[in-house]
Amino acid sequence: MEVRVVEKDQMLLVGLSFFGDPFKSSAGWTEENEIGRLWVRFMAFLENQGARIQHIKEHEVSYEVHIEHAETQEKGEYEVFVGLEVEQLQDLPVELLVKVLPPTTYAVFTLQGEEITSDWHQMIHRDWLPESGYRIAYDYAIERYDPRFKGLDRIAESVLEVYIPVAGAGS
């Protein structure tokens, strides 16, 4: 797992969201759980109405954002948002939600092949973070899907970037 630290400006994301236990019906990387069903819904929206979304920053890049809430630790429930980055919010379809992510520093983890379906979240929080001198800045994580991600059926050939918002230990 390769790691680099980058500064990013505010991100404007438009897409769809789910709140709850996304693995209640099925665990792992599958279209049978709530995350998979969310992606299916979003991809169908893009296919049928994607032309209605203006000012897309990168057409071949999509995002999955996991947002922790008060219920996350207690009940295992959190928000999952999937969407695209736009340069500005203008004439958005009413069906879509907006997430405005603050400018911040991110630790970017590049995962390849089987690392993608591993317990990378635990490795980051248990192993990398305590040794890094950083702490979590915000309670969310971003998965960035670009053309290097080949799909669930081709995980061995795929690359995925995970962005974790961090701040210096003294900040």
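All heavy atoms count here, side chains included; hydrogens, waters and symmetry mates do not.
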side-chain hydrogen bond (donor to acceptor under 3.5 Å, both in side chains) between His66 and Glu68, worked out: CA-CA 7 Å; His66 293 227; Glu68 293 189 11; over 6 Å; no
Counting distance only, does the side-chain N/O of Ser158 pair as donor-acceptor with the main-chain N or O of Lys150 below 3.5 Å? yes
Atom CD of residue position Glu131 - does it have more than 12 heavy atoms of other residues, nucleotides or ligands inside 6.0 Å? no
From NE2 (His125) to CD1 (Ile164), nearest 0.5 Å: 5.0 Å
Could you tell me whether Arg41 and Glu95 make a salt bridge, using a distance below 4.0 angstrom between a side-chain N and a carboxylate O? no
Can you tell me if Asn48 has over 12 outside heavy atoms packed within less than 6.0 Å of its CG? yes
If the plane angle is over 60° it's perpendicular, under 30° parallel, otherwise tilted; pick one for Phe149 and Tyr145. perpendicular
Quick check on the hydrophobic clustering: are Leu160 and Val5 connected, directly or via other members, by side-chain heavy-atom contacts under 4.5 Å? yes
Leu96 side chain near Leu16 side chain, heavy-atom distance below 4.5 Å: yes
If two hydrophobic side chains count as joined below 4.5 Å and joins carry through other members, does Val65 share a cluster with Ile136? no
Within this structure, what is the CG-CG distance for the pair Leu92 and Leu12, rounded to the nearest 0.5 Å? 9.5 Å
Counting neighbours of CD on Glu47 that are heavy atoms of other residues, nucleotides or ligands and sit closer than 6.0 Å, is the number greater than 12? no
Quick one: pull up CD1 in Ile67 and CD in Glu79 and give me the separation to the nearest 0.5 Å. 4.0 Å
Min side-chain heavy-atom separation Glu115-Phe109 under 4.5 Å: no
Give the ring-plane orientation class for Tyr134 versus Trp128, where under 30° counts as parallel, over 60° as perpendicular and anything between as tilted. parallel
To the nearest 0.5 angstrom, please state how far the CZ atom of Phe18 sits from the CD atom of Glu34. 4.0 Å
Side-chain heavy atoms under 4.5 angstrom apart, residues restricted to Ile, Leu, Val, Met, Phe, Trp, Tyr: same cluster for Tyr138 and Phe81? yes
Grab the two heavy atoms, one from Tyr63 and one from Glu85, that are nearest each other, plus how far apart they are. OH-OE1, 3.4 Å
What is the distance from atom CG of Leu101 to atom CE of Met11, rounded to the nearest 0.5 Å? 6.0 Å
I'd like to know if Leu89 and Leu84 are part of one continuous hydrophobic network [Ile/Leu/Val/Met/Phe/Trp/Tyr, side-chain heavy atoms within less than 4.5 Å]. yes
For the pair Val3 and Ile124, evaluate side-chain contact (heavy atoms from CB on, under 4.5 Å) and give the outcome as yes or no after the intermediate values. CA-CA 10 Å; Val3 184; Ile124 290 169; over 6 Å; no
Could you walk me through whether Glu64 and Trp39 pass the side-chain contact (heavy atoms from CB on, under 4.5 Å) check? CA-CA 9 Å; Glu64 179 176 309; Trp39 275 108; 2.5 Å; yes
How far apart are the closest heavy atoms of Tyr78 and Val80, and which atoms are they? CE1-CG2, 3.5 Å
Search all heavy atoms of Gln54 against all heavy atoms of Val86 and return the closest pair with its distance. O-CG1, 3.7 Å
Considering only heavy atoms from C-beta outward, does the side chain of Val61 approach that of Arg144 to under 4.5 Å? yes
Gln90 atom CD: more than 12 heavy-atom contacts under 6.0 Å: yes
Any side-chain heavy atom of Val6 within less than 4.5 Å of one from Tyr163? yes
Could you check whether atom CE of Met43 has more than 12 heavy atoms from other residues, nucleotides or ligands sitting under 6.0 Å from it? no
So do the side chains of Ile155 and Glu114 get within less than 4.5 Å of each other, counting heavy atoms only? yes
Evaluate the side-chain contact (heavy atoms from CB on, under 4.5 Å) criterion for residues Thr110 and Arg4: first the C-alpha distance (whole Å), next the side-chain angles of each, then the deciding distance (0.1 Å), finally the verdict. CA-CA 9 Å; Thr110 302; Arg4 69 186 192 284; 3.7 Å; yes
Approximate separation, where rounding is to 0.5 Å, of Thr104 OG1 and Tyr140 OH: 6.0 Å
Where Ser17 and Leu97 come nearest, the two heavy atoms and their spacing: CB-CD1, 3.3 Å
Shared hydrophobic cluster for Phe42 and Ile35 (ILVMFWY, side-chain gaps under 4.5 Å): yes
